[in-house]
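Every number for a ligand or one of its atoms is a count from 1 in the order of the listing. Reckoned from all heavy atoms, side chains included, excluding hydrogens, waters and symmetry mates.
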Amino acid sequence: MTNTIKTEEELKKELTPEEYHVLCEQGTEAPFSGKYWNTSESGMYQCKVCGQILFPSDAKMDSTKGPAGLRGWPSFDQALPGAVEYRDDNNLGMKRTEVICSKCKSHLGHIFEDETKTGQHFCINSCALDFQKNNGK
Ligand SMILES: [Zn+2]
């Protein structure tokens, strides 16, 4: 999938090899390894590539709980309206739904059905995100 706002060359220069693998090659970081999997600060999570705001910290869930296969990545029960798009992903012999940034089309993670208040469980890679703390409290 081609990024819609940056060239491959720019992306390779700006991202670490791991970030490039996740955002541009639909990779997945190791669980419990990313910097945001267990954070609970108040603020906004945005796309690493284009900066679009994707998930508010209010929607973040405890990633030590929930289905075993989804633990260890930043998890959210909803995205901001219009911030993400979905694509079928049949890689790895599994039928999953891929979550991408609606602006630059970078890969972010996957979405699953779960017993959350919205019925949705976004399982997102830390390295696909940047975090902006709320100013003023
Ligand atoms: Zn983006």
*Heavy atoms, side chains only, cut-off 4.5 Å: are Met44 and Phe131 in contact?*
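Contact flag for Met44/Phe131 side chains = no.
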Under 3.5 Å, sequence neighbours excluded: what are the donor-acceptor pairs made by side chains of residues 66-80?
residue	atom	partner	partner atom	Å
Arg71	NE	Gly66	O	2.8
Arg71	NH2	Gly66	O	2.9
Trp73	NE1	Glu29	O	2.9
Ser75	OG	Trp73	O	3.1
Ser75	OG	His121	NE2	2.9

_What protein N/O/S atoms are there under 2.8 Å from the Zn ion (ligand 1), waters excluded?_
Cys47 SG, Cys50 SG, Cys101 SG, Cys104 SG
*If we ignore angles and hydrogens, is there a donor and acceptor under 3.5 Å between the side chains of Asn3 and Ser106?*
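Short answer, yes.
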*asked:* Can you list everything that forms a ring pair (Phe, Tyr, Trp, His ring centres under 6.0 Å) with Phe122? Sequence neighbours excluded, please.
replied: Phe55
*Does a salt bridge link Lys48 with Glu14, judged by any charged N lying under 4.0 Å from a carboxylate O?*
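Answer for the salt bridge query: no.
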*Only pairs at least two apart or in different chains count here, so list each ring-ring contact (aromatic ring centres under 6.0 Å, His included) that has a residue in residues 82-107.*
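Matches after skipping sequence neighbours: His107-His110.
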